[in-house]
Novice: 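Structure in structure tokens, see below.
A note on names: the letters A, B, ... follow the listed sequences, proteins ahead of strands, and every chain is numbered from 1.
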Amino acid sequence: MNENKKLVLIDGHSILFRAFYGLPDLTTSKGQHTNAILGFLNILYKILDEEKPDYLAVAFDTHHPTFRNEMFDEYKGTRKPMPDELREQVPVMKELLKAMNISVIEKPGFEADDILGTLATKAEKEGYQVSLVSGDRDLLQLASDKIKVRIPKTKQTGTEIEDYFANDVMEKYNVTPKQFIDMKGLMGDKSDNIPGVPGVGEKTAQKLIVEYKSIENLYEHIDELKPGKITNALMENKELAFLSKKLATICTDCDLMFNIEEAALKDIYNENVYILFKNLEFKSLLARFQSVEINRSLNIEENFKVIDNLGEAERIFNLIYSEISSGNKKPVGIHMLIDNGELLGVSLCFGEKDVYVILRHGLITEDFLTDRVENIVKNKIGLAVIGLKEQLKYIKVTEDDSVFDNAIAAYLLNPLTDTYNYDDIARDYLGMTVPSQVDLLGKSKLKDAMENNPKEFGLFAGYNAYVAYAAASKLKDKLIETDMLKLYEEIERPLIFTLYDMEIRGIRVNKEALKEYGDQLEVGILSLEKQIYELVGETFNINSPKQLGVILFEKLRLPFAKKTKTGYSTAADVLEKLQGEHPVISMILEYRQLTKLKSTYADGLASYIREDGRIHGKFNQTIAATGRISSTDPNLQNIPIKMELGRKIRKVFIPEDDYVFLDADYSQIELRVLAHLSGDERLINAYNEAKDIHRITASEVFHTPFEEVTPLQRSNAKAVNFGIIYGISSFGLGQDLNITRKEAERYIEKYFETYPKIKEYLDGLVAKAKKDGYSTTLFGRRRPIPELTSSNFMQRSFGERVAMNSPIQGTAADIIKIAMNRVNRRLKDSNMRSRLILQVHDELLVEAHKDEVEEVMKIMTEEMQGAAKLKVPLETEVKIGNNWYEAK
DNA sequence: CACGTCACG
DNA sequence: ACGTACGTGACGTGT
């Protein structure tokens, strides 16, 4: 009977615990912790894949006021309560298991161990093959010929499982599974509140049990033992030893009503599980559901209609235009289907049941579609989209038209997530689970999908319009609730158009000069490479930190300062300290510099130059948690400037003929923002006197007359000023200045003595963020800081630094965004040829026509300085040049 | 695809 | 005792 049936029993809490400590702290976009659940599922799936069991059950302890934690318990001898980040995951895990139709066994008065022991033994007797899965070695006492104890280990490379049948236990520990109980009786287990015999540890216990087989037999022969401390302890604690053995024994015949047939596996991959995974944002696990027809039951999909003939298309647009008279004020959800800059069609939604996908086909031309869409706004009907900037090429609207961008709104409401696609917005604001683009189309291009996968393509298009339509009002309400509507309407929404303009304009690059620059680098690289190989005596890949580490710290035996997770650190700050030790170090540093410039800048930028001789990078508005803009494809915000060699690359960025570059940057905008926000009179006065701020800080902090401040004092003060903005920590400052933590602490102390209001302000920021759960900028932009509630010191400290930094960095970001919008608008409104083309956080670059230079300089200065009225002046410096090098 | 490294503010 | 400065993006290596 049951010979070929497999039963898997899982120790729920112990696996959750293992998973919790084995994985980094993962959370959903809403801040729900998920690492333990994910780790549990990874182990569960591995076991399901490997064993393909017929039956599976998970046992949980019913009451857990405290919980085992080996790491702390064994060393400290105290129990540590379950961290909140783990506690909140337990009920979710149980819910998930129930959704998977997996038996969850918890009986008041029984520990999970005893449930597992009883069921395993019962199943064994009935002939099942049994696997017991636990993170705890305690269960080894249950191993037999038919009961396999499986202990998963979370390693970097994935999950590995150690398997123990009875003979494996014997092989590894020289004791039988039953004798494991005796061992534990002697050595005890703090985490399980088993006292054991004082002074007897694992080694002694193992030795004694190997020799005497059991505690009973040991005490029968106690007089044979050599006299000594251990023997004394054994004799004095005989009762304790027997009690401990009893406590260590897992019950195998508990009075438990559970029929193994109840644990039969069925329908693990169902829609409920899929939805839970989606909510937990376990994107990688969703792949397991591919073969399952799920969430197609959503009835909105049934209303999606695909149209490819002109008459029908005309009818739809007319239907939309007629909405004006019907008094329907809801914006029309719209999504332009674009692949590689080509318009494939448009999807529209103007009611729960009115979702249309109109394909560009035959008489439905690109012009037809863009005209008809433009007509919607000209008829004063609002639009709602997800990601306006990416669609502006075909949605011909201006700032004055009514268009609501759900993606931007969602970013403001939670800037911590990485994507704001229709499925994300549906999940977060409609409480709906809809298939994502990858679910529907995989990695295929939109155009290919349209041809080969028309049904799924239609769904993708339809969902985009539907979600844009349905979520808009909810997002707008949330913006009002969170006092961010003004931020959205007055800063972010206009910025969409500003950034679009900048992307279209691009920046001109001298292709030949860039090539020449790269060739020069190549010469230097080859020469350095040769010299390095000669010095070291062998060739190797200098770009591989791993190989370089072996050469420097093993072959050359240089002292290594830092280690990374994977080996020796060869970072620049480490190598710089080694410069005196070996001539090869300087060469490696120079080699690194050159290869970086070659690969990222010389070669990297060249591949982005388009037909028009310009680079059209992207400016991303929904990436940075603080509200900054980011730049990609390529990143034009990290073009070298600090080192002369790298700085030279700026000479290849040139204005169009008859134009020049005007580059304006704010002077220490973040420190000025800090002065304003903190209201510290001393700092405000310093800025109103308009003197060298770092020097003033040095003078005041080090009690030195302004004129006598040494360069070292000034640069130290500068580092402290930076530190303040970053959310000061003595460790970080020490690292930066290469001084001890203690010395750094003194600097900080002195700084706060000098500027007491700043200390008060920063403390207040942390307190407020802890209370609210988020930080706020001068213009109301929020950044949630879930780390502030972490029980982990490191994470909490990080949260505190973020609480200090985000309002400062974020307010500066708000200000320059205002300036960008205004500069862009004024240049356009006055019909000037000059145009804004770049933003680098505190700097704006305008490609200005020669005839307009004076006027543009005035506009830039006015708008940048006037972007916000602070208690200190916002100073700017404008420079002119025939390339970006000259203009900085 | 994660990691180390390094470019910028 | 813990082990970091804040915010980004791109490249090359190695699994």
Novice: Closer than 4.0 Å, any side-chain N/O of A/R801 to the OP1 or OP2 of C/dA5?
Specialist: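 For C/dA5, neither OP1 nor OP2 has a side-chain N or O of A/R801 closer than 4.0 Å.
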Novice: Ignoring hydrogens and geometry beyond distance, is a side-chain donor-acceptor pair present between A/T740 and A/E743 at under 3.5 Å?
Specialist: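 Short answer, yes.
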Novice: For A/N541 and C/dC11, what is the distance between atoms CG and C1' respectively, to the nearest whole Å?
Specialist: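 Spelled out: CG on A/N541 to C1' on C/dC11 is 13 Å.
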Novice: Would you kindly give the CD-to-P distance between A/Q621 and C/dT8, to the nearest whole Å?
Specialist: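 After rounding, the reported distance stands at 15 Å.
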Novice: Once you apply a heavy-atom cut-off of 4.0 Å, does A/I623 come out as touching a base, just sugar-phosphate, or nothing?
Specialist: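 Sugar-phosphate contact only - A/I623 comes under 4.0 Å of backbone atoms but never of a base.
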Novice: Kindly point out which of C/dT8, C/dG7, C/dA10 is positioned nearest to the side chain of A/R783?
Specialist: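 Within the option list, the nearest is C/dG7.
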Novice: Which one, C/dG7, C/dT8, C/dT13, comes nearest to the side chain of A/S544?
Specialist: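 So the side chain of A/S544 is nearest to C/dT13.
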Novice: Checking A/Y568 now: which residues fulfil ring pair (Phe, Tyr, Trp, His ring centres under 6.0 Å) with it, not counting sequence neighbours?
Specialist: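 Partners of A/Y568 under the ring pair (Phe, Tyr, Trp, His ring centres under 6.0 Å) test: A/F553, A/F560.
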Novice: Using modelled atom types only, decide if a donor and an acceptor are shared between the side chain of A/T600 and the backbone of A/L597 within a distance under 3.5 Å.
Specialist: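 No, A/T600 side chain to A/L597 backbone: no donor-acceptor pair under 3.5 Å.
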Novice: Mind calculating the distance between CG (A/L733) and C1' (C/dG3) to the nearest angstrom?
Specialist: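 Checked: the CG to C1' distance equals 16 Å.
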Novice: If you count every heavy atom of other residues, nucleotides or ligands that lies below 6.0 Å from A/F722 atom CZ, does the total exceed 12?
Specialist: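 Count not over threshold, so no.
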Novice: Just call it for A/A813: base, sugar-phosphate, or nothing, with non-hydrogen atoms closer than 4.0 Å on any strand.
Specialist: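 Nothing: the residue A/A813, judged by heavy atoms under 4.0 Å, touches no strand.
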Novice: Just how far, in rounded Å, is C1' of C/dG7 from CG of A/D814?
Specialist: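 About 14 Å, once rounded to whole Å.
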Novice: In whole Å, what separates the P atom of B/dC6 from that of C/dA5?
Specialist: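 My reading of the P atoms in B/dC6 and C/dA5 gives 14 Å.
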Novice: When we call it a touch if two heavy atoms are under 4.0 Å apart, what does A/A719 touch: a base, just sugar-phosphate, or nothing?
Specialist: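 Counting heavy atoms under 4.0 Å across all strands, the contact made by A/A719 includes a base.
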Novice: Please walk me through it: do A/F653 and A/V509 pass side chain to side chain contact (heavy atoms under 4.5 Å, CB included)?
Specialist: CA-CA 5 Å; A/F653 290 91; A/V509 173; 3.9 Å; yes
Novice: Expressed as a whole number of angstroms, how long is the span from A/K598:NZ to C/dA10:P?
Specialist: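 The answer, rounded to whole Å, is 19 Å.
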Novice: If you count every heavy atom of other residues, nucleotides or ligands that lies below 6.0 Å from A/K759 atom NZ, does the total exceed 12?
Specialist: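 For A/K759, atom NZ is not crowded (no more than 12 foreign heavy atoms under 6.0 Å).
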Novice: How is the base pairing of DNA chain C summarised as a dot-bracket string, given the Watson-Crick and G-U wobble criteria with both distances under 3.5 Å, [ ] for crossing and | for another strand?
Specialist: .....|||||||||.
Novice: By the 4.0 Å heavy-atom rule, please label A/S806 as base, sugar-phosphate, or nothing.
Specialist: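 It contacts nothing in the nucleic acid.
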Novice: What is the distance from CE of A/M804 to P of C/dT4, rounded to the nearest Å?
Specialist: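 So the two atoms are 17 Å apart, to the nearest Å.
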Novice: For A/K555 and A/V536, work out which heavy atoms get closest and say how close.
Specialist: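 Nearest heavy atoms, A/K555 then A/V536: NZ-O, 3.1 Å.
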Novice: Between C/dC6 atom P and A/E800 atom CD, what is the distance in whole Å?
Specialist: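 Rounded to whole Å, this separation is 12 Å.
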Novice: Quote, to the nearest angstrom, the C1' distance that separates B/dA7 from C/dC2.
Specialist: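 It works out to 31 Å between them.
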Novice: Is any NZ, NE, NH1 or NH2 atom of the basic residue among A/D772 and A/R782 found under 4.0 Å from an Asp or Glu carboxylate oxygen of the other?
Specialist: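 Not counted as a salt bridge, because no side-chain N and carboxylate O are separated by less than 4.0 Å.
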Novice: Is a donor-acceptor contact shorter than 3.5 angstrom present between the side chain of A/S729 and the base of C/dT4?
Specialist: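 Answer yes: a donor N or O sits under 3.5 Å from an acceptor.
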Novice: In whole angstroms, how far is the C1' atom of C/dG7 from the CD1 atom of A/I785?
Specialist: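 Taking atom C1' of C/dG7 as the reference, CD1 of A/I785 is at 13 Å.
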Novice: Taking the nucleotide of DNA chain C with the closest heavy atom to each, which residue, A/N805 or A/L605, is nearer the 5' end?
Specialist: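 That would be A/N805.
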Novice: Would the number of heavy atoms belonging to other residues, nucleotides or ligands and lying under 6.0 Å from NZ of A/K563 be above 12?
Specialist: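 Count over threshold, so yes.
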Novice: Which part of the nucleic acid, if any, lies within reach of A/G727 when heavy atoms closer than 4.0 Å are counted: base, sugar-phosphate only, or nothing?
Specialist: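 No contact at all - A/G727 keeps every heavy atom at 4.0 Å or more from the nucleic acid.
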Novice: Taking the side chain as every heavy atom from C-beta outward, state whether A/N638 and A/Y601 have any pair of such atoms under 4.5 Å apart.
Specialist: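 Yes - at least one pair of side-chain heavy atoms lies under 4.5 Å apart.
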Novice: Donor-acceptor pair, A/S678 side chain versus A/D680 backbone, under 3.5 Å?
Specialist: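 Side chain of A/S678 to backbone of A/D680, a donor-acceptor pair under 3.5 Å: yes, one is there.
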Novice: Are any of A/Q795's side-chain N or O atoms less than 4.0 Å away from OP1 or OP2 of C/dC2?
Specialist: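 A/Q795 to C/dC2 OP1/OP2: no side-chain N or O under 4.0 Å.
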Novice: Could you encode protein contacts along nucleotides 2-9 of chain B as a string, one character per nucleotide from 5' to 3', using B for base contact, S for sugar-phosphate-only contact and - for no contact, with a heavy-atom cut-off of under 4.0 Å?
Specialist: --SSBBSB
